[in-house]
Structures are given as C-alpha cells and as structure tokens.
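So the structure is just underneath, and the comments pick up after that.
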Amino acid sequence: AADTAQKKLVVGFSQVGAESGWRTANTESIKSEAQKRGIDLRFSDAQQKQENQIKAIRSFIAQGVDVIAFSPVVETGFEPVLQEAKKAGIPVVLSDRAVKVSDPSLYVTFLGSDFVEEGRRAANAVAKLTGGKANIAELVGTVGSAPAIDRKKGFEEVLSKYPDMKIIMSQSGDFTRAKGKEVMEAFLKAPNAKEINVLFAHNDDMALGAIQAMEEAGIKPGQDIKIVSIDGVRGAFEAMKDGKLNVTVECNPLLGPQLFDLIEKVANKEEVPKRVVSQEGVYDQAQAAAELPKRQY
Amino acid sequence: MIDWVSDLLFWIVFGSILFLLRGQRIFWSVGALGLLLLFNQFFTPGFFHIQILDGHLYGSRIDVLNQGAKVMLLSLGMVLVIATGGVDLSVGAVMAIAAAVSSRLLVTEHQSAGAAIAAALVISTLAGAWNGVLVAGFGIQPIVATLVLMVAGRGVAQLITEGQIINFLDPTMVYLGNGHLFALPFTLTLVLVTLGLAFFLVRRTALGLFIESVGDNDEASRYSGINAKQVKFLVYTFSGFCAGLAGLVACSNIKSADANNIGLYLELDAILAVVVGGTSLQGGRFYLIGAVVGGLFIQTLTTTLYARNVSSDISPVPKALAIIAVCLFQSESFRTRLSHVVRPFGRILKPLGSRPPQKSITATHDSPKP
Amino acid sequence: MANSLLEIAGLTKGFPGVKALDAVDFAIQRGEIHALMGENGAGKSTLIKVLTGVFPRDAGETRLEDKIIAPRSPREAEGLGISTVYQEVNLIPHLSVAENICLGRQPTWLGAIRWRAIAKRAAAALARLDLSLDVNRQLSSYSIAIQQLIAIARALDISAKLLILDEPTSSLDRTEVEELFKKLRKLRESGLGIIFITHFLDQVYEISDLITVLRNGRRVGCFATQELPRIKLVSHMIGKAVHQVEALEQKRASTASIRSEAPMLEAHGLGRKGSLRPLDLDIRPGEVVGLAGLLGSGRTETAKLLFGVDRPDQGTVRINRQAVRFNSPRAAIRYGIALTPEDRKVAGIIPNLTVRENIVLALQASRGSWQRLSVTEQAKLADRFIQALAIKTPSREQTVRNLSGGNQQKVLLGRWLATEPKLFILDEPTRGIDVGAKAEVEKLIQSLRQDGLAVLFISSELEEVVRQSQRVVVLRDRRKVVELTEGEISEETIMQSIATHNLERPAA
Amino acid sequence: MTRLNPKYIPLLATALVLLAVFSTGSLLYPNFGTPRVIVNLLNDSAFVGVAAVGESFVILSGGIDLSVGSMVAFVGILVAKLLQVGWDPFLAMGIALCVGTAAGVVMGGLIHYFELPPFLVTLAGLFCLRGLGFVIYPESIGIDHPFYGQVLPQLSILVAPKAVLPFTAMCFLGSVIVGTFVASFTRFGRNVYAIGSNENSARLMGLPIGRTKITAYALAAFFSALGGIVATFYMQSGNPASFAGLELDAIAAVVIGGTLLTGGVGFIPGTLMGVLILGLIQQIIIFNGTLNSWWTKIVIGALLLVFIVLQKLISGGGDQES
Ligand SMILES: Nc1ncnc2c1ncn2[C@@H]1O[C@H](COP(=O)(O)OP(=O)(O)OP(=O)(O)O)[C@@H](O)[C@H]1O
Ligand SMILES: Nc1ncnc2c1ncn2[C@@H]1O[C@H](COP(=O)(O)OP(=O)(O)OP(=O)(O)O)[C@@H](O)[C@H]1O
Ligand SMILES: [Mg+2]
Ligand SMILES: [Mg+2]
C-alpha cells in the first residue's frame, strides 16, 4: 500500500465525444484537474459511439490502469466489459450518466446530474412562467440519446399534473443550433403557430438557433414565446441577459474536481457513496447578469 | 385571396417549365418536385402560405430555398466529382473547416469579414485540391482518399475553434446566410452564381466534355490525349470550393461556427441530390441543373416532414420511400414494366418517357442525348 | 427437311430511330456453315442478339428443331444448345484465362469448385485450337487477338447444337484462322450448325456452304456459296449494280508519291524490357510503313511505345530530327502523332457519349479546354466525317454504344483524322469494317499519304499490308527481323521471312 | 512453388501494412504486443468484421450496401425485444436472420429489376431499417437472458495466458472462412466477380445476372444481420440508435483490404486484414491516451492516409487501377 502512494495514479477515462460546447467544457475540466493533481490520465474520445467506448475500456484493462472512469454514451450494453474489469480487479467510476446493470457491484460510484430531474425542473419553470397555461413547442435532442429520452420523460411527468399545459409540436433538433433553427422555422409556419407560447428546448444550443428563427419571423423571443432550455452554457446566459431566453436549467459540466476526489478515494479503497449528484441550479433572467461572468464555457 | 392567385401563378409557371422539359432527363426530377409540392398544396396547411415580412418574402417555400442552399451548393461540386466516376465524402468536413477558419479569423483574430471569407474559401479549395492529389496523383480509390479528410477534417476544424462554438455578429458574415436580395434569400443568389460559374466552367469550355469522357472511359480518354489526372484534380478542387461556400452559408445561418456539427452527414444528402438529379454514380453524363433540382427536392422533403410534424424516429422512412419512388420513375425499365401492367399509364408515360428522335444539337449538355 | 436446325421467320427489331431488323427470315441446317454477310450496321449482330435473347424482339418467330423458342437471356439460349461468341470480346478481364473458359460451368465437387480440373479443362479447350497459354494468367495480360481465341475456345467448350460466331476472326492472323477453320470443319462433320459472320470475303468462300445477305435490316437473299460470284455478293451487300462495284476493286497502291528524304520519325534501339526488344524504325512523310507479324509478335507494343502509352526504357525517338521523349499520349499528340488502338472497347470509344463528341474528342483535347469548339463547329466536323466515312447512324447525337461495331471503328478513324496528324499509327484499323468501307479507308490512307502524311500500318491481313505499304517491317517474337522495301513486298516474302527467321532463331 | 501470382500482390501489401501497424504499436507502447490485445482486437472488431465480409460480396459485384449500420442496430433491438417478451434466443436469432435476409432480397430485387442505383436503394434501406428499429422500441433494451449471461461466456477458448478468445471473435473468424470459401470455391462466388468486373460481358457469357446480384445483396444482409446478433453478444443489449455510420467502417475495411470499389477484384481475407488495420489504428490511439477529441480524429485520418499510401507503394503504383 505504501508503494501505491508513491506511484503515479493511472486513470483511464473514456469520454463520449466533443459533440457540444458542454462536452468540451466537461473534458477540459477533467483534463486540467488531472494535471493539477499529477494523475496519469489516459484519455480516450469515443466520438459518440458506444462500441468505441467498449474498446477503450477493454484497452484500459489491457494497459493495466488503476481506475477506469467513463461517461457512457448509452445506459445499456456495458455489462460484459464491466465484468472483465471486475475480473481484472479494476474499479470503475461513472461520470455524468449511469448504466443499467444487473449486478450493481460492477461499478463503484456514479457522479453526475439527473436528466429526468432536469426535465422536471424545466417543466416546473414553464409552469411558473405561464401560470400553468401553455401551448408548448418542444425541440427534442438527438433521437434515441439518453438525455433526450430522460429530459422528455421528466418534463412530461410534471406536465401530466397541469391539464392546461400541453405539447402541441415536437420535433428533433439533434442538439444543434442549425437544426434547432430549421425546425423552429417550420414550427412557425404551421397554421397553429400563433398558439405557441412556450418553447422547451432540450439544450441551450437548439434554443439559441430557435431564437434566431423567431427573430427572423418577427416574433419576440422571451416575450411572445417564452423559452426554457437546459444546460446553462455561456451563450444561454448572454441571451437571458438580453431578455431573449427565460430560464435555463443548469447541467454542470465542470465535474473534474468532484470526479477526481471520488477517484482518489476509490483508489485508496475508501468508502464512497454509490450516487453523488453534482451541484446544479436553475437560472432565470434576474440572475443572468450576475452569473454571466462566472461562466467560462 | 392573394394566396390563391399566387398559388395559381406558381403552378402555371411550374407547369410550363415541366412542359418544356418533357422528354428530357431532368423531367423526372422536376416532376417529382412538383408532385411533392402538389401534395403539400393540398395536404399540408400553411405550406404554401407566403407573406411579405420586412420587405422580403416569407414562407415555407422560401425556407426550402434558403435551407436547401447548402445541399445545392454541395451537389454542384459533387455532381462533377461523380461524373468522373468518383465520390467526395469529405464535403461535410470541409464545410466545418471553412466555418471554423472564417469565424476564428473574424472573432479571435479580429480580421475583416472579407479576409475571413476569402481565407475560408482558399483553405477549402486547398482541401479539395488535397483530395485531388490523392485521387489523381496517387491513384487512391476516391472513397478512401476522401475518407481521410472526412475523418481528419472535422478534427482540424475543431482544432481551429478549440472545440468551442464561436459566435459572431459581423453583418457581412451574417448577410451571407440570412440576408435578402430582391426579396429573396441571398443564398439563392449564391447558388445561382455558383451554378453559373460551374456552367461556364464545364459548358463554355471543353472541361465538361473531358469530365464526361474520363468518367465514361478513363483509358480511352487517355488515348485521346485528355489529361485525365488534371481533370480529376480540378473537379475535386472545385468540390472543395463549393463545400467552402456551403460551410460559410451554414455558419452564417446560425451566426456561429459549430465545428462538430456543421455539415454532418450532408455528404449523403449531396450524393442523393446528384442521383435524384439524374446523374449516374457510375460516372459519365452529368446534369448540373438536375443536381440543383435534386437538392431542392431533398430539402422540400425535409421541410415537409417538419411541417407535417412527422416524428423524427420514423421520418427517415417516408424520406427513403419518396426517394425510391423518384428513382423508380427515372428508371426506364420500371416505366416499361408499369406501362405493360397499367395500360392507361403507358399512354401517358410513353410520350414523356421515351425521348423524341433527335433533331438538332441542343445548346447545352444538360439536355439529353438520345 | 428433316435436317432443319433453326428457322427464323419475320424477325423484327427496332431501336429509337433505326429499324435494325425488318421481318428477316433465316434458316440453317445441321452440318452447315452459314455465313451472314452485310455492310456495317446491316443488322447482323442484332439478329444474333435478338435470337439469343440479349434484346427482346418486336415480332417474329424462331424454331429450333421445330420447337418454338424465345430465350430471354443468353443463358437460356445456351441452355437450349445455342453457343455464341458475340462481336467484340466479351470476357472478364480481371479473371484468369482458365476461369474465363469455364465460368458458369466449373466442375465442382460437393459444391466446391475444383480449380485443378478447371485449369486442365481450359488448357484442353485451348489445345483444341492449337493454343498453349499460361491459363492462370489474367485475361487482360493477353492481346486482343488471343482473347478472341479464348472466347472461341469457351464457346466450343460446350456441346451445342448451334454455334454462332460474330466476327471471330477480326483480329486473327492467317495461321490462327486456319486453325480455327480446321476445327469448324470438324464440328460441321459432327452435325453442328454454325452461323459465321465476317467481313473477309476470302474466309467466307473458304468455309461457308450458304450465304445470307442482309442489307439495312432486310434479308436480301440466301445463296449457295459456290454459285455466288464475289462481285455479285458485294453488289448484294451494298445494293449497287455489279459494274459499280467493280470500280471499288482495290489495286496495289501506287508508289509514286512526294517523298521527302528526311524521316518524320526515327526510332533507334527503342525497346522496353519484357515487351519489345530494341528496334530501329523510321517513317518518312508520304510513306506507309507496314508492320507485319504473327500474334503477339510485338506490333501493338511498338505502336504503344511510339504513342507514349507505355514508356520505353531504352532507345531514342527523333521527330523531324529533334530528339523527343514522351511519356503520355498527350505529348505524342502534340508532335502530331495519332493512334487508333486495336482494342476499341477498352481504349477507343467513349461508349455513352455521342458520335459527335467522340469525333471531336481528340481535337478538342489537343486544343485544351479553353478553346472550346463551338457547337456548330462540332456539328460540322462530325457531319463531315459521318459523310466521308459513311458512318451509319440515325444522327450525330446517337450514343456510340448503340452503333454497330464497324461504325464504331469508323468513328474512331474520324476522331483522329480530325486532328490532322503528321504520323498516323493504325493498329488493325480495318477490323470489323465492311468491304465498301475498307476500300474507302484504303483510299483515304493513300490520299493522306499523298498529302504528305506518314502512316504506320498494322494489320493481320497480309494482303492489306502488301497493298498499302511502301515498306514493310516484319516482327517476330517482339523483335524486328527484316525490313522489306518497295520491290520485295509480297505476301510470300513476308511469310517467308517470318518462317525463315523462325528457323534461324537460336534455341533458347 | 512458382513465382507469386501478381493478383495476390495487393493482398500481400495489405498483410505487410497490417504487420507494420502492429509493430509500430508494439514498439511505442508496453503491453501492446500481447496476445490479449490481439484477442481484444478480434473481439472488438467482430461485428464490423462479420458485416464487412457481407459488404465484400456486394462490392465485388460492383455494388455497395449502405444499410449495414442500420441493419446491425435493427437486428440488435429486434433480438433484444423478442428476448424481453420471453422468446427463445435461438428462435429470436433465427427470425432476425430471416428478416434481415429478406430485406436484402428486397433491396437486391429493386436494384436488379428496376435498374436502380445500389447506392440509393441501400441508402433507403438504411433509413427504413433505422426507422423500423425505433418502431420496435425507441430506447435501448438490456438482455439478461441466461443464454447471454451464463452460456456465452463459457463458449470461449483460452488461447494464451490472460487472453480468452470469445465467441464473438470465433463468429468473426468463422464468417471470414465461410466467406472465403463462398467467394473462391463456389460458382456463385465466381459469378459475383464476373458481374462486378463487367456486367454486360457476364450477361453475354450466359451467367445468371439477376440471381447472382440478388443473392449477393441477400448474403450481405445476412452477414449484417449476423453482425447484429454478434453485436448483441458483445454488448448484451440492443439499441435502435446505435451503430450509425458503421457502413463506412465496413466499406473502408473492404477497400483497405485491397478490394476495388468498382468491383471484380479483391479477396475476403483482405477484408479481415482491413478490419484489423482499422482496429489497430484505434488501439494505437487509445494506448497513446493523451490525444484530445480533435487530435484523435486528425491522427486517425493521418494514419489511414499513411497506410493507404504505403499499401499503394508496396503493390506497385497505379497497377491496380481499373
Ligand atoms: N442498342 C442499340 N440501340 C440503338 N441502336 C442500335 C443498338 N444496337 C444496334 N443498333 C443499330 O442497329 C443497326 C444494326 O446494328 P448491328 O450491330 O446489328 O450491325 P452489324 O450488321 O452487326 O454491323 P457491323 O458489321 O458493323 O458489326 C445499326 O444501325 C446500329 O446503329
Ligand atoms: N502467343 C502468345 N502467348 C503468350 N502471350 C501472348 C501471345 N500473344 C500475345 N501475347 C500477349 O499479348 C500482349 C500483346 O502482344 P503484342 O502487342 O505483341 O501483340 P501484336 O503483335 O500486336 O499482335 P496482336 O495484336 O495481333 O495480338 C503481350 O503483352 C503478350 O503478353
Ligand atoms: Mg456487328
Ligand atoms: Mg496487335
């Protein structure tokens, strides 16, 4: 045990990809924290593919790292490779997102936000903004992706409690600004477009695209149509400051410090809780100006 | 009332264009576009609604023109590449590079919009030239040669933006993808100018003939004294240029450069547009205008699916079926089979399908040779 | 008659703009070799293709052994006992010779192909044509003539009732043809019916029993070969009276010409390892130099080296006394050299472009892409050669793929004539073109010569070489063996020099 | 033996490149040149590999199949769903294979009878299968059938200390063997080559064009479906959104393996090597462990380029151009 204290801790981390500003911030946070603590980080980018992630984990096992951490692309499908990790005696820490496994001992702990909860928070924000009367247009994330599924789930769960709030249009915007704009343009041309008074976007990027579409159609975003989105990236705060976005539900990407606290504990065989929730808030226009300078991503 | 008149006018114009095109290869692509629009006329409320907003036209059909500009631009480059018997998978990545370069210069390096746009176009043209060197110079199969840039190019774009989404507000840059000229989106002008440029390049010079010849029989072209390598190099370079333009339009559209997502999977749409436009993937004869019409068709399809609120889960299915249907009608053997089965169909399709005996040379290659 | 093998009645087939077959009747007996004759584009190949189901027919009836048949694909035709060698070699270039012969009927054992057996069977099939090749080599590594023989070997490899050969001898030299005919006679004795298409009158008279003549898609008549004088046959084919035809009869080219002393092209020690031993060759303006030799003797290789298709690895080339070096056809064209390749399918036509585009192609290429020939210029050029070479096409906008084989060849000639070359290398230029056209081409060559053009003429027809050339270079085993001048040129001397040098060759 | 038949040169070049990649990795990183890494490689590439074997047939026939990725995902979710509602695993797999093959027959039929471009038809196949996957179930489903949990792990062989050859890898190698046999030792296989090289000549030679083409697409679909089943072994789950873009990996592997995209030239073992080269490049990058997201892409592209050019140089310049 004295030996391990001397040796550099080797951690393999498999990231989902670099698909959004949020993800890049997440990666940066993890990398810089590892460097700060002098940890030998083996970083691998899965480019949004689960099979790449499985390859990386298997490779980490072959390389003989001390701890494996990863942000799973999807919830299922990791059982066999986690079994291998367990056999090789390497502890696994999940970040950002959980996995579904029959045997919970396959990972030690999970740090991250709760997408379903984010959806619920967004719905509550909508209720607060509109007093429970809303015709909602929804910009869904990438079809089949975990955040899209869970955020929708949480949102609709709360919605069922408000009879006067309903989703009247829903379409995927692929989590991107361009698609968000394109889909919003189409929404605004529907015959019942006038009824829309709320936009719920599964992430900020799509909301920012939609805002442009509204402006081009001569609609005031944030006023004519209230906008609620998720993530809390810098661009969203800027938009809120300008009054174009109403609420963003934070989903904190800066998990580095919390993650390595956990990893070091795990490496030292200390007890850790099975579930650690990252600290996140819900921000509205009133808080935007104060919060903006603190956002580096 | 106004809508009613403008619709009627639209259909009269469209109908006459179709009538003029009968017997030509692109008749089927334009016809398919017409059918799709006709469907929308009756079944998608609001699709044909058009109004004037801030001094320019505003409506779904305008969106199609504006959003479709990217695919139309790409397909102009792609159609030439395909005509030489190749394919360019890297256009999506090159779009991202162009977007990254321009916005980085604009925002981080504080350069003028003109410089940023010029630099982006130069670099994307160079990227295209790189593909050209691999294919023509080293003789690597086009699909692998361009796969290299497809994979690496997006990385380069992210490297340039350092993984961030760069936002900009420069009016010139914003105008590219959002501005209006003559009450229509400026992107339409951009497409038409590029089409004109391509048209000049291939139809006013002999390049078009060389491209078709190389695509049809590489060896025999060499024997005839055509510099096949040069021809191939040129088309990939031009494709890079077109991708650069499309990339500028794409980032201008959303006033930001999102290196990871700009142009993602758009190479597929561009190839589809070319095929829908009547050009064979085997190379040889190509149809520039067909490619543009193909691009419009695909965008109309996408917009239709959005407008009809078809769930994204299954929206690929109707898209696929529509494309197959278009190509079935382009297929000579399908038409013959159909006219055997359904007699009255045959009577309608026959005069449209089988081309009339050639009288004289038509001015451009975009008309068919029987 | 009880012997009747195949009867065709009222067969009709139209293409857009052309009536390729117009109610054609045809009949063949067992044990008969029946020649099908006609000008380029008369409909011979179409008749074969409709008969064997490549094209659907518009009307008509076929009976094989009194049973009505209507095959919808060559495969079905083969199943009915009709084995066909189509015009142009139709084999798979990337596969080995052995496989090409056995494809589709490979011997198998429990579903697994027996590769050894294939090689053996292929070798045996080739041996029957007196050919011994490395059957494991890729087909494309052999010259077009050898490929033609391989295609015939494939057709002979099955036991059929009817054998159809569409211009099988177009690239073969005399000895090869004789071997083939020997084999055909044997097959005739065994009761096979053979349909034979060619443009060589000699061959028709040598082998066939009956001749059916087609003209413009119509049957002119069926004649017993022995009772039909040559001149009559030609007059039936081209539809002119006998006395008009007589004017066509070719004479030995006149030697009188403006011959400048300075050679247009001189090659010294030109060679390439593995394909051609170093050889000297010079051609003067106003002179036709014939290149004679057997199959694979290196004639095509010589042409390719001179045209920059292959790069020579030794020797020098001088054009108008200036040392030049080219490594691409482009460069050669710049020096005024033109080449019509022997394999027109691979290196000649651009199949999906129009006649007009094919004709202007080389000229346009030499002018570069900026100086585009205007559409009217193109049309004028195309029309000029369509007329001059009597290319049979519904319009200049017809895709070349849809032309008959001989007319495709004429288009290629037109392509190169349009560039007004100084040296014209013709590799089997008369391959597959009809008598009338052949005479036209010969006349053309001579008139070009008189205008001061230098011509290198390659042909497997010795008679033609003799008639055309002022000098003949004889090749053997990829080496120049002798150069015959003016007075010495005759078929006998050429044959002799090939044979003698054969004996002289050191045993290696 | 006599001298090497020139048609094997591209294959040899590919083998040399494979060797070069592996040695590069072994030299650079400890633990790289171990049996375990090789076994991992086979396991990780298994489903792409199986699909690539099928893809080879279509490419050899002069066509292309873009529906691979969607097919793998579709079969995955189909099997997972059927198991979830309590079907027998073998029955579920059998059904999946049949449905997959049927889709291939339909695509082949459209291509042959209506002369539609393969690119287009199979792209439509890609869209349709993806959509149908979502129709079956829009989210991922884990598989906890005992066959997967207990039987499968037993079906592996210890080939070296710490290196277990799993069943998925065996499926992959088996597919390569079967594919090689079909391509080289059956009439169907040879007809595929002939059609890919020159369809018109093949028709005039009396080969069965339609049957061969449709069978080629059916076979490709069968192998893709098998790849989907192997993927369920690999991940013990099905997900309709997974494996987007897998077709490109498969096509790249086939082409890197020395097969001409224009058809008619290539070998199935080449595809095996192509798959392994792509897999090794990824392994090198994972072992490196310091590249960030964009450098990963750039380095993959660069390595791809280096090895393709290397292969081109070894096999002797432009000789294999069609
Ligand atoms: N696929 C086709 N499409 C259109 N026209 C065709 C096609 N095939 C042949 N033709 C036309 O049919 C006519 C007869 O052609 P065919 O090939 O039968 O001539 P042929 O007698 O074999 O001539 P040759 O001696 O030159 O081979 C020609 O005018 C030709 O242009
Ligand atoms: N009898 C033969 N045996 C083996 N290979 C041959 C034979 N004849 C020709 N070849 C091959 O065919 C190719 C072309 O040969 P070459 O150019 O010398 O033919 P050629 O003299 O033009 O005669 P032709 O064109 O009539 O066949 C050569 O590469 C050679 O390998
Ligand atoms: Mg013919
Ligand atoms: Mg020759």
Side-chain angles (χ1 to χ4, degrees), chain C residues 45 48-49 52-55 71-80 82-96 98-115 118 134 136-141 147 151 154-155 158 160 164 166 345-346 351 401, chain D residues 1-11 59-62 112-113 177-178 180-213 258-267 316-322:
Chain C
S45 299
I48 302 309
K49 286 188 174 167
T52 55
V54 179
F55 296 141
R72 277 164 304 164
S73 69
R75 182 176 173 71
E76 277 183 34
E78 221 179 271
L80 292 166
I82 306 177
S83 179
T84 315
V85 178
Y86 295 90
Q87 190 176 11
E88 311 289 340
V89 173
N90 283 292
L91 294 174
I92 309 299
H94 290 311
L95 297 185
S96 72
E99 243 197 306
N100 266 293
I101 291 176
C102 299
L103 206 58
R105 40 186 189 241
Q106 297 97 331
T108 55
W109 181 75
L110 299 178
I113 289 178
R114 294 161 55 214
W115 282 101
I118 287 182
D134 178 357
N136 288 321
R137 265 175 64 187
Q138 255 195 10
L139 180 84
S140 58
S141 70
Q147 292 183 24
R154 176 183 162 84
I158 59 168
I164 303 175
D166 191 350
K345 207 162 123 190
V346 172
R401 188 175 35 133
Chain D
M1 284 295 280
T2 45
R3 84 205 145 82
L4 183 74
N5 190 328
K7 74 177 178 181
Y8 293 120
I9 288 177
L11 203 59
I59 292 183
L60 282 174
S61 82
H112 172 68
Y113 289 111
I177 292 169
V178 171
T180 309
F181 175 81
V182 173
S184 305
F185 289 93
T186 64
R187 284 189 188 170
F188 160 74
R190 303 320 294 170
N191 291 348
V192 166
Y193 279 87
I195 291 174
S197 188
N198 189 333
E199 185 172 332
N200 195 37
S201 289
R203 176 175 299 118
L204 294 182
M205 286 170 90
L207 302 181
I209 305 292
R211 201 175 70 201
T212 306
K213 263 172 129 175
T259 300
L260 282 190
L261 208 60
T262 43
V265 180
F267 299 95
D319 279 0
Q320 53 164 340
E321 258 181 290
S322 60

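Please read all numbers here as calculations on a predicted model, not as lab measurements. Naming convention: chains lettered A, B, ... in sequence-line order (proteins, then strands); numbering from 1 in each chain.
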**Item:** Short side-chain to backbone donor-acceptor contact, D/Glu199 and D/Ser197, under 3.5 Å
**Value:** no
**Request:** Write down the atom of C/Leu95, the atom of C/Asn100, and the distance for their closest heavy-atom approach.
**Result:** O-ND2, 3.4 Å
**Prompt:** Do you know which two heavy atoms are closest between D/Ser184 and C/Ile113, and how far apart they sit?
**Reply:** O-CD1, 4.4 Å
**Request:** Using a cut-off of under 4.5 Å on heavy-atom pairs, state which of D/Ala202, D/Gly264, D/Gly196, D/Ala194 scores highest against chain C.
**Result:** D/Ala194
**Asked** Which atom names give the shortest non-hydrogen contact between D/Pro208 and D/Asn191, and what distance separates them?
**Response** CD-ND2, 3.7 Å
**Heavy-atom pair count under 4.5 Å with chain D, highest-scoring of C/Leu91, C/Asn136, C/Thr108** = C/Leu91
**Prompt:** When only pairs under 4.5 Å are counted, which of C/Gln106, C/Glu76, C/Arg75, C/Arg154 shares the most heavy-atom pairs with chain D?
**Reply:** C/Arg75
**Message:** Within the structure provided, determine whether D/Arg203 and C/Ser73 are in side-chain contact (heavy-atom separation under 4.5 Å).
**Reply:** no
**Message:** To check you understand the geometry: which heavy-atom pair defines the closest contact between C/Ile92 and D/Ser201, and what is its length?
**Reply:** CD1-CB, 4.1 Å
**Asked** Do you know which of C/Glu88, C/Glu99, C/Glu78 has the most heavy-atom pairs with chain D at a distance under 4.5 angstrom?
**Response** C/Glu99
**Request:** Give, as side chain, backbone, both or neither, the part of D/Phe188 having an atom under 4.5 angstrom from any heavy atom of chain C.
**Result:** neither
**Item:** Heavy-atom proximity to chain D below 4.5 Å, by part of C/Arg114
**Value:** neither
**Request:** Determine the option with the most heavy-atom pairs under 4.5 angstrom with chain D, choosing from C/Gly111, C/Ala77, C/Ser96.
**Result:** C/Gly111
**Asked** Picking from C/Gly79, C/Pro93, C/Ala112, C/Cys102, which has the most non-hydrogen pairs under 4.5 angstrom with chain D?
**Response** C/Ala112
